[in-house]
Structure formats: C-alpha cells, structure tokens
Amino acid sequence: MAASQFDRIYHGLSTEVGKLRLAGSGMAWKGEENEGVSAIPADEIKWAQWFRAARNFQLRVGLKDRRRETFDGFVREDHDKLAALLKQHFGVTLELKDVTFKGWNWGVTDIQGHDLAFLVSNKTTFELPLKQVANSNIAGRTEVSLEFVPSSSAGKKASKNAPDEMVEIRFYVPGTHTKLRGSEA
Amino acid sequence: GLGEKEGKGWKRFQSYKGEGALPKEAETLRIFVDRKAQTIILPMHGFAVPFHINTIKNASKNDEGDYTYLRINFQTPGQLAGKKDETPFEDPDATFVRSVTYRSLDGHRFDQISKQITDLKKEVNKREQQKKEMAD
C-alpha cells in the first residue's frame, strides 16, 4: 500500500496537504485536516502531465469528461515511481511539460485546450484557466485584459496567510493592430 | 547569429537557469521578491512565474474595502511614457505581459512588497547609470 502512496500532496490550489494513493481501481486524495476524499476512478483517467509548478512538481490528470485535476507537492524523485504507477494501473504515459524560468515578460500566447498558455522561447511560463475568466476587454486595439473570478467568494473570508489572488492580467498584443488600423492610423 | 536577431541595444538577462534555482518561498503561492536573482516571482494559478527586474516598470498599490490591490506594471513597447522610449526590446513584435494585479487582505505585506520592488528597481537603475557614466 505504502509503495503507491505520496504524502504531503496538495489537491488543486488548496493549502491543505494530504495523501495521494494510486491503485488499480483509480486514484484518491485524502486531506489531513478535513479528511475529505477526492477519488478518480481508473476508467476516467485519460492523460497525465508532469511539470515544475510553484509547490514543487505538479501532476495534472486529464479526465474523460475533459475536466482535470491537479496535485502539487511532488519532488523530482517521485517522477519515475509516479510514471510507473500511472502506466501500470491506468495505461497512461506521464508526459513532461517544459517550463522556463527565464523571467521574461514577452513571448507568445497560445490557447491549449481550456487554458491560455504563455510561452517564452517555446516553453511554458504559465497557464491561465479560461473557465475562470470573468471578463475580458480590448483597449486601444493593442491591449487585452483578462479579469478573474475571485477564488474566495463573497462572504467567505480568506485568512491572512491565504495565497495572493490574481485578479487581472493585461497583455500588450502589437500584432493585432497593423491590419485593423487602416485609415485611422 | 542570435545577436543579429535581437532588437537594437537589447542586453540578455535571465532570472533562473532551471527549476532547481527557484527559491523555496515560491511555494507559498504569494508574491516574492528575490533580490539576489533580481527577480519578482508571481504566483499564477499554481505556477511560480519569475519576472526579472528589467521587465518591470513599477508597482502601485491601493486599498479598497478589506482588500489591498497591488498592480505590477511591466516594460512593453507602445507605452506613452512621456519621455523618450529608451528601453530596447529583444522582440518588439512579441506579445507582452503588461500588468498583473493581485489582491490580499494583508495590506501590510503588499506595502512591503511594493517597497521592495521600488527599491530593487532603484538599485538596478543606479547601477546601470554608473555603468553608463564609466563608459563615457
């Protein structure tokens, strides 16, 4: 049992740690504080990705209904064991996503499934779930803003130690105006 | 070679060579100013996203109700800054992150971060200025 279990793993963006267990029937995460269990049956698991996130390495699992689940907190050394378990139990290959930490603010935006990915030198720097975009605006033809749904919904107050909430991002998109401008330029 | 493709006057810089160089503070999912690496790390939906101080223009803060908002503005082409645009870009036709805004209930921390960003920016500008003077 212990061989297919990972400790101190986060589910989604939650700050609660728990245990993730993989078995022939599926995978399940159990929180340490609330003892809540999230289970994914084996036949729903379609793909898996591995990349460096903020809380060490992340396992991202794609589900049958196009939803996905994320688990943070893996260490680099977990990779081989996790890859073997995913293959053995679900016949899924753990795909490696290359993330860059160059620190540049210019690159290419790319819609990848349900995310807007920002790529620098062809490598991912971050991805924004489009589902959480509450509003978007185009200003002055070259600026696009995305506003996000606050994760801590009204009424439920976040603690002082809560993660910082990103509420808006603006992109400068110079390529879009050249053709549109025409006579106005 | 690579040099020819880069915009005029642009000098290469990089925050981290690889993931192993990320500081532990990135795990908190909170903004972190890594002075040693001259970098601000922003948490974005689970990613730790470094931005080198050279990409940053300034940070501004304002309070609204219980929340404090921190907006980080980046260097991008096409900004009417008033003064002559001296900033060279590697690729002015790329898509740029122009600003990112965060909110927190901990206004004191956002105060500190805002100050750290401003100080780091000043420090780097001063060094650049000194280099220029030496070259003259």
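Numbered from 1 within each chain, the chains take letters A, B, ... in sequence-line order.
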Would you say the side-chain atoms of [X] pair up with the backbone N or O of [Y], donor to acceptor, closer than 3.5 Å?
{"X": "B:Q14", "Y": "B:Y16", "result": "yes"}
{"X": "A:E69", "Y": "A:H11", "result": "no"}
{"X": "A:D115", "Y": "A:A117", "result": "no"}

Is chain A contacted by the side chain of B:T39, its backbone, both, or neither, given a heavy-atom distance below 4.5 Å? neither
What part of B:F13 gets closer than 4.5 Å to chain A, counting heavy atoms only: side chain, backbone, both or neither?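 Backbone plus side chain of B:F13, per the 4.5 Å heavy-atom cut-off to chain A.
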Who are the side-chain hydrogen bond (donor to acceptor under 3.5 Å, both in side chains) partners of A:K97, not counting sequence neighbours?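 In terms of side-chain hydrogen bond (donor to acceptor under 3.5 Å, both in side chains), with neighbours along the sequence ignored, A:K97 is linked to A:E127.
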Most heavy-atom pairs under 4.5 angstrom with chain A, which of [options]?
{"options": "B:G20, B:A94, B:A21", "result": "B:A94"}
{"options": "B:K24, B:E27, B:Q75", "result": "B:E27"}
{"options": "B:E19, B:Q38, B:K17", "result": "B:E19"}

Between A:F118 and A:F101, is there shared hydrophobic-cluster membership here, with clusters defined by ILVMFWY side-chain heavy atoms closer than 4.5 Å?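 Linked within one cluster.
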Quick check on A:Y10 against chain B: is it the side chain, the backbone, both or neither that has a heavy atom closer than 4.5 Å?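 Neither part; nothing is under 4.5 Å.
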With a 4.5 angstrom heavy-atom cut-off, which part of A:T124 approaches chain B: side chain, backbone, both or neither? side chain
Pair B:F89 + B:F96: ring centers closer than 6.0 Å: yes
Measuring only between side-chain heavy atoms, which start at C-beta, is [X] closer than 4.5 Å to [Y]?
{"X": "B:N58", "Y": "B:T118", "value": "no"}
{"X": "A:M27", "Y": "A:R21", "value": "no"}
{"X": "A:W47", "Y": "A:R60", "value": "yes"}

So which bits of residues 45-55 of chain B come within less than 4.5 Å of chain A, counting non-hydrogen atoms only? B:H45, B:G46, B:F47, B:A48, B:V49, B:P50, B:F51, B:H52, B:T55
May I ask you to check whether A:K102 and A:S121 show a side-chain donor-acceptor distance below 3.5 Å?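 Checked: A:K102/A:S121 side chains pair up, N/O donor to acceptor below 3.5 Å.
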Residue, of A:F57, A:F171, A:W104, A:F51, that accumulates the most heavy atom pairs under 4.5 Å with chain B: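 That would be A:W104.
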